[in-house]
2 protein chains.
Amino acid sequence: MDKRITIYDLAKTLGVSAGTVSRSLNDHQSISQKTKDRVISKANELGYKTNKFAVNLSKQKSNTIGVIVPKLNSNFMSTLLAGIEKIANEAGYNLIISQSLESTEKEIINAKTLYDSGVDALLVSLAYDTSNFDHFANYIRNKIPLIFIDRVQDLTNCSNLIIDNRLAGLEATEHLIAQGCKNLLYIGGNLKRNVYSERLQGFKDALEKHQLDFNKTHFLETNLNPDDVESVTQHIVNIKKPIDGLFVASDNFAAHIMKALKKENYKIPQDIKIVGFNNDPISELITPTLTTINYPGYEMGVLAGQSVISQLNGSIDLHSANSITLRHNLIKRESTLK
Amino acid sequence: MDKRITIYDLAKTLGVSAGTVSRSLNDHQSISQKTKDRVISKANELGYKTNKFAVNLSKQKSNTIGVIVPKLNSNFMSTLLAGIEKIANEAGYNLIISQSLESTEKEIINAKTLYDSGVDALLVSLAYDTSNFDHFANYIRNKIPLIFIDRVQDLTNCSNLIIDNRLAGLEATEHLIAQGCKNLLYIGGNLKRNVYSERLQGFKDALEKHQLDFNKTHFLETNLNPDDVESVTQHIVNIKKPIDGLFVASDNFAAHIMKALKKENYKIPQDIKIVGFNNDPISELITPTLTTINYPGYEMGVLAGQSVISQLNGSIDLHSANSITLRHNLIKRESTLK
DNA sequence: CTTAACAACGCAATCGGTTGCGTAATAAAA
DNA sequence: TTTTATTACGCAACCGATTGCGTTGTTAAG
């Protein structure tokens, strides 16, 4: 029970070569069924376990997929990961997960570590302010599948998995306008990231389309962090022309803002209507329930998983699908009732 | 740039043996500083990268830690993971994360897969109804550090990381009683799991201590799943002697229940007071804010990480710390106001 | 009966490090 | 100057598979 038995042990007891054992175990065609059966049954009998380390070295691949996300403890990210994990697991791949904690430096380190660990592919959702992408060069150079999810960047030979954030932003904003809002405010994250800048674009599009004016007072760039609630609230309270519609790029942050506004005696949705983003579980548990954009995190994870797996299997050619866009939809709830 | 260079390449260009190169790179004592410097600078010059696969095979260890959690997409679990990841990462370990999806079968498969992958240690939070633990036998037999977190089980030579759930349950319940509740209900998850059975124990302790009677109508065993909300609500609504105090073993589920009760025109906390568990962010965003037990998930993750690392480093002896209990505390909020 | 064509397996190199042990070279002690 | 330690490396086995190529025993075709 102590000594792990190897293919050599099997070979010796069976009177065949190690190569034959290996091929039998892998169901290679050039081995007779009879021999395969003998090998396999003996393997089971002796409790043979293949040593992945040796396999990895020999094949120069690890059967693991690396993942870098900004934070593990966010509903969207953990849901996304749940989807990825499910698919990867079913396909026999392990997931090595690391978080950048929104720091480019950590992202760089993680990318390097995962590269050194020999992951077969890498899935990335970028940190807030990553603007240089050299840390992915090794992956691209060595043709290791690299897929960006949600927080993406266009790099050659990498695919992106996104939703149409601009359209979603447009729809969210138009909904607010349709509900009678005249003076809107967009609250997003770092504008370096596609998700936040594109949602802002959609926001602008809507204002323009409905001939509402747009200037610097109509959007705030924040970290979507509870620490920012105070200043955001002050901005809303102190602004001369009262804001009656809020589009927040995150449900969670929207919930915080909503709480703060209620404390300031705002009535929602009477005084101010709010649209969030993501459709986090929290959005329908708070009072009033939050209108939001449904962002299918789990489905996106599943798709990301399937995409990687098929790239690894060679069943998809890298250049064919450069970008996959998932469907989103607006979910109307109490926070924007007329 | 294409051909990875190996220690043999280095050895050849430097006119030394591969062994010397290896030892130099690992700062072995038996190599002169001069030689080390030569090797290292040449290694950098040529862009040498150590091949982890070879190292793994040679050392029979992978520098990765396996983790099995019930679900990735729960606030507590993802927060826990965030803590673990931080420590593991700092110590140079990778994390292979998998989810059992509350299924024992998947847990078994995951345990086996991770074992085969050669993880150096395993962290586990058990699935709902796991009651057989043979799938961890290999770890124990081979002295691979095995640590249970939150959802634990006493196995020889494994450590547990928990809070005092029974005491927490007692405190939560006593708080309800102190606020005037006379007829309490405990809503928990599968009683096979320590966390839920112990919280129930604490609940019972409190009732007994305050001479309130306890019978089967005073607790519900559920899956803490949104699907269960309906039946739980019906139970509360239809019970003869009205319930005025609720202790729910999960904030998230408590939030769902609260919403359903409000729909049934219950006033909280006037008609019924509620205490949750975990101190999820949601607990202070809902209306009314939820009294809860603060469960330090991140700290627990950090501790779990540190514990594994020190076991791997041999700086802790397996048998010394069999169980670590973290501090919890009751956070009083609006849902239990008198 | 010969020979071509397979089928079924053995050989041995290879993947890229790690490490116990042996030894040459230099230094210190006798 | 010879002996004894030490220091600094080299040798080669080892970790446990995978795989290209060559070889043998059979079978079918000529």
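Heavy-atom basis, side chains included; hydrogens, waters and symmetry copies ignored. In this text the structure is predicted, and so the values were computed from the model without any measurement. Order of the sequence lines sets the chain letters (A, B, ...), proteins ahead of strands, with each chain counted from 1.
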Could you state the atom-to-atom distance from [atom1] of [X] to [atom2] of [N] in whole Å?
{"X": "A:L10", "N": "C:dG10", "atom1": "CG", "atom2": "P", "answer": "13 Å"}
{"X": "B:K61", "N": "D:dC15", "atom1": "NZ", "atom2": "C1'", "answer": "16 Å"}
{"X": "B:D9", "N": "C:dG16", "atom1": "CG", "atom2": "P", "answer": "9 Å"}
{"X": "B:N56", "N": "D:dC15", "atom1": "CG", "atom2": "P", "answer": "16 Å"}
{"X": "A:K59", "N": "C:dC15", "atom1": "NZ", "atom2": "P", "answer": "16 Å"}
{"X": "A:L57", "N": "C:dC15", "atom1": "CG", "atom2": "P", "answer": "9 Å"}
{"X": "A:N51", "N": "C:dC15", "atom1": "CG", "atom2": "C1'", "answer": "13 Å"}

Looking at every heavy atom in both B:L25 and B:A43, which two are closest together, and how far apart are they? CD1-CB, 4.4 Å

Can you confirm whether [X] sits close enough to [Y] that some side-chain heavy atom of one is under 4.5 Å from a side-chain heavy atom of the other?
{"X": "A:V16", "Y": "A:V21", "answer": "yes"}
{"X": "A:L95", "Y": "A:T64", "answer": "no"}
{"X": "A:Q99", "Y": "A:E107", "answer": "no"}

Less than 4.0 angstrom from a charged side-chain N to a carboxylate O is my criterion; do B:R38 and B:E45 meet it?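 So B:R38 does not pair with B:E45 through a salt bridge.
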
Salt bridge A:K106-B:E90, side-chain N to carboxylate O under 4.0 Å: no

Rounded to the nearest 0.5 Å, what separation is found between the OG atom of B:S117 and the CZ atom of A:F53?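 Rounded to the nearest 0.5 Å, the OG-CZ separation comes out at 8.5 Å.
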
Gap between atom CD of B:E105 and atom CG of B:N110 - 0.5 Å precision: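 One gets 11.5 Å once the value is rounded to the nearest 0.5 Å.
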
Donor-acceptor contact present, side-chain A:E102 to main-chain A:Y128, <3.5 Å: yes

Is atom NZ of B:K52 surrounded by more than 12 heavy atoms (other residues, nucleotides or ligands) closer than 6.0 Å? yes

Helix axis bend for the helix from C:dC1-D:dG30 to C:dA30-D:dT1 - C1'-based end axes, five pairs, 10° rounding: 50°

Closest nucleotide among D:dA17, C:dT18, C:dG16 to the A:I7 side chain: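 That would be D:dA17.
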
Nucleotide nearest A:S58 (side chain, heavy atoms from C-beta), chosen from D:dA8, C:dC9, D:dG16: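 From the listed options, D:dG16 comes nearest.
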
What I want to check is whether the side chains of [X] and [Y] have a donor and an acceptor closer together than 3.5 Å.
{"X": "B:S103", "Y": "B:S100", "value": "no"}
{"X": "A:D129", "Y": "A:T104", "value": "yes"}
{"X": "B:N190", "Y": "B:R193", "value": "no"}

Counting only side-chain nitrogens and oxygens, does B:T35 get under 4.0 Å of the OP1 or OP2 atom of D:dC9?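 For B:T35, the contact criterion (side-chain N or O under 4.0 Å from OP1 or OP2 of D:dC9) is met.
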
Among [range], which ones have heavy-atom contacts with DNA chain D below 4.0 Å?
{"range": "residues 38-49 of chain B", "answer": "none"}
{"range": "residues 24-34 of chain B", "answer": "B:S30, B:I31, B:S32"}
{"range": "residues 11-23 of chain B", "answer": "B:G15, B:V16, B:S17, B:T20, B:R23"}

Remember a base hit wins even if backbone is also touched, and classify B:Y8 as base, sugar-phosphate or nothing at under 4.0 Å, heavy atoms. base

Sequence neighbours excluded - ring pair (Phe, Tyr, Trp, His ring centres under 6.0 Å) pairs with any residue from residues 17-48 of chain A: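 Matches after skipping sequence neighbours: none remain.
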
Centres of the A:Y298 and A:F76 rings: under 6.0 Å? no

Assert yes or no for the condition that the ring centre distance of A:F133 to A:Y139 is strictly below 6.0 Å.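 No - the distance between ring centres of A:F133 and A:Y139 does not fall below the 6.0 Å cut-off.
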
Does anything in residues 110-117 of chain A reach DNA chain C, meaning a heavy atom under 4.0 Å, and if so which residues? none

